[in-house]
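The basis for the numbers below is simple: all heavy atoms, side chains too, and nothing from hydrogens, waters or symmetry mates. Being a predicted model, the structure only gives us computed values, none of them experimental. Labels below follow one simple rule: chain letters A, B, ... track the order of the sequence lines, proteins then strands, and each chain is numbered from 1.
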There are 2 protein chains.
Amino acid sequence: MPDAAGAATLVDVAQAAGVSLATASRAFNSPALVRESTVQRVLEAARHLSFRPNLLGSKLRAQQSRMIGVMLPTLENAVFAECWRGMEDAALAAGYSLMLVTSAYDPARERERIEYLLRHRVDGMVLTVADAADSAVLDQLDREGVPYVLAYNQAATGSRRHSVSVDNRGSAREGVEALIAAGHRRIRVVSGAFMASDRARQRFDGYRDAMRAHGLAPAEPLCLPTHTASNAGQIRALAAGPDAPTAFFCTNDLLAIGVISDLKRLGLRVPRDISVLGYDGIALGALVEPALASVVQPNTEIGERAVARLLARFAPSRAKPPDDAAPGRITLLPHTLRLGGTVAAPA
Amino acid sequence: MPDAAGAATLVDVAQAAGVSLATASRAFNSPALVRESTVQRVLEAARHLSFRPNLLGSKLRAQQSRMIGVMLPTLENAVFAECWRGMEDAALAAGYSLMLVTSAYDPARERERIEYLLRHRVDGMVLTVADAADSAVLDQLDREGVPYVLAYNQAATGSRRHSVSVDNRGSAREGVEALIAAGHRRIRVVSGAFMASDRARQRFDGYRDAMRAHGLAPAEPLCLPTHTASNAGQIRALAAGPDAPTAFFCTNDLLAIGVISDLKRLGLRVPRDISVLGYDGIALGALVEPALASVVQPNTEIGERAVARLLARFAPSRAKPPDDAAPGRITLLPHTLRLGGTVAAPA
DNA sequence: TTGAAAGCGCTAACAA
DNA sequence: TTGTTAGCGCTTTCAA
């Protein structure tokens, strides 16, 4: 009864199978090195004893945890929840585990949580940080030689950092150009706190590109610290007046949904009176009526690819692909535009 | 340069501080047992060497991982994302780590993922399963003596299982009674797949209770396998005809949001033509316009309390707090009703 | 108050 | 093809 006095260990299995500890271990990890009948005997013994390998032991001994640390700002924005699904699938399929922490967009907490992951001896990390270009914690990771891949953050060209994202600036520009093509001239950007998201800033740059390319004057962004009812006042101030915008470009979908509600409360109809374009392409956006127009990112794929990229960094470059020329550190995944719904021609 | 040739270990710290390995360990774990000046010396050496404890070593040796396994159906429903936040805060504050897996409401995957957590030697688990009353995997955990606490699932009275949830049936009944109080008589329930959620069934029972208590005939529930556009047809069929319901009670908020969109597409106005009541109280519901009426659960608190309860099971009941006349295995947290918004009197 | 020593469960040389 | 052996980094008796 190994369960009563603690679970069976590999030693117990070896004993029961009449082989040495080493052979028992090999039967699991490199069965090719063991005679087939011996493998069977070991497996049989293991089953009989309800043997469950203690990963803590292997991790310690093998000096690799086969764990990937994941730090995301929050899961309460579906973008990241969708991304997590991609990561979980990709990691477990490859025999890796994930350890998740959230940073709440707080750089101090980022540091803390990453230190925590490091103590757990994760082999590498997938991270979404507030600002990839100016991140003390990323610099530290570089210094320590810990492999990581950014998700959503877009590494600067020429940067040593690896990232998987869409082209934030270019895609935002495309989205705003679609607005312009629909006839909009007075377009305003609504964003979460810029400080907390370099993506938001890049998307704003894309807005500026689009406006300028079409001879329009970009306006200052409206930065909301967080989307609560109290922001309705700011939206109201913006949406009123003779020169009121005919379209809002929100740097994420959740924000867009909140803005639309605010506009409705002000008696405005979307998209008849005013258009709203979001960014992210969360599944929920397609569910609401009218459907949320959005710049759609492949969120689940971003998760999968970020993990795949990290795994590739672990592998000792078999058949070394030219590395820097070929796959490149920066992966830009294709985005799409979902128009219609909350976007229409201005009144 | 301990970083080049591998990170510094406790042995290095001990050496640098001129003490034994044991003393160095104590300086961190039981500083009370070590002379103050010695503690300082060790800490100083650790800082100097950028010592980072290897949790894998301690976990293995201490025969406890201080890890909690968490299994949730998905994070893409904000209910669970909100719950995760509560768990993360509670666990990290107590010095525990979390390992998250998702089951996608699939019992086979539940087994698999739990086995995976077990191999990681989690000290216990917080779980949301498809059906707590009939779960092979829960039975197995009981047999093996692995402590776990259910979140959202409500253990049957008299069950040996621990759970933290709201009173699903009672709260649903209250919600439906509010509908009845508003003047509704023809009320239908829309649910996700019953098989995948015992909560959905319990909430349906609450609906039945309410209807019967008021002399109304409960109708069959409409069970949607998943909420996609193709369900609009079923909603249409339900919402049409002379005896069409004047209100829908959806067993979760995400579903409710989808149903509302479907109704809008059918040209119906919510709540003027038809009322919709959700369940869960996700933050998003308060953001949309009109606000989603809902039976509100304290999601973050459910996460916190589930972790707290598990932690309490770990501790050898010190000075047993009278708490609740013995805390009891089943914790029912208070719910609230958020009315107005998508619920109004029938036309 | 401190140290010596024995492992936790496992993998991976090195031998046979 | 299999076995012997030496730890991975840490905690924790047991003695001093």
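Looking at heavy-atom distances under 4.0 Å, B:L56 makes no contact with the nucleic acid at all. Among the protein residues, B:L55 comes within range of no part of the nucleic acid, since none of its heavy atoms lies under 4.0 Å from any strand. A:F51 comes within 4.0 angstrom of the backbone, heavy atoms only, and of no base. Nucleic acid contact for B:S25: base, since at least one base atom lies under 4.0 Å from a heavy atom of the residue.
If you check the side chains of B:E36 and B:Q40, you find a donor sitting under 3.5 Å from an acceptor. Under 3.5 Å, the side chains of A:Y116 and B:S97 contain a donor-acceptor pair of N or O atoms.
Here C:dA12 presents its P atom at 8 Å from CD of A:Q64, a figure rounded to the nearest Å. Rounded to whole Å, the distance from CZ on A:R61 to P on C:dC10 is 13 Å. In this structure, B:Q63 places its CD atom 12 Å from C1' of C:dC10, rounding to the nearest Å. Distance, B:F28 CZ to D:dT12 P: 15 Å, rounded to whole Å. When the P atom of D:dG3 is taken as reference, atom CD of A:Q15 falls 13 Å away, rounded to whole Å. As a whole-Å value, the separation of B:R52 CZ from D:dC8 P is 19 Å. Rounding to whole angstrom units, CG of residue A:L10 and P of D:dG7 are separated by 20 Å. The CG-P distance, from B:L33 to D:dT13, rounds to 12 Å in whole Å.
Put simply, B:N29 has a side-chain N or O that comes within less than 4.0 Å of OP1 or OP2 on D:dT11. Here B:S58 does not reach the OP1 or OP2 of D:dC10: none of its side-chain N or O atoms lies under 4.0 Å away. Of the side-chain N and O atoms in A:T38, one or more sit less than 4.0 angstrom from OP1 or OP2 of D:dT2.
A:H120 approaches B:L56 most closely through the heavy-atom pair O-CD1, 4.0 Å.
Both A:A22 and B:A32 lie close to DNA chain C; mapped to their nearest nucleotides by heavy-atom distance, the more 5′-ward contact belongs to B:A32. For B:L60 and B:S37, each mapped to the nucleotide of DNA chain C holding its nearest heavy atom, the one lying further toward the 5' end belongs to B:S37.
Closest contact between the side chain of B:R26 and the listed nucleotides C:dT2, D:dC10, D:dT11 involves C:dT2. For B:P53, whose side chain is taken as the heavy atoms from C-beta onward, the closest listed nucleotide among D:dC10, C:dT1, D:dT4 is D:dC10. When distances are taken from the side chain of B:T23 to each of C:dT11, C:dG3, D:dG3, the shortest belongs to C:dG3.
The aromatic rings of A:F51 and A:F28 sit tilted, their planes meeting at an angle between 30° and 60°.
Judged by atom type and distance alone, A:R121 does not reach the base of D:dG9 through any side-chain donor-acceptor pair under 3.5 Å.
Between B:R85 and B:E304 no salt bridge is recorded (no basic side-chain N to carboxylate O distance below 4.0 Å). Looking at A:R113 and B:E88, a side-chain N of the basic residue comes within less than 4.0 Å of a carboxylate O on the acidic one, giving a salt bridge.
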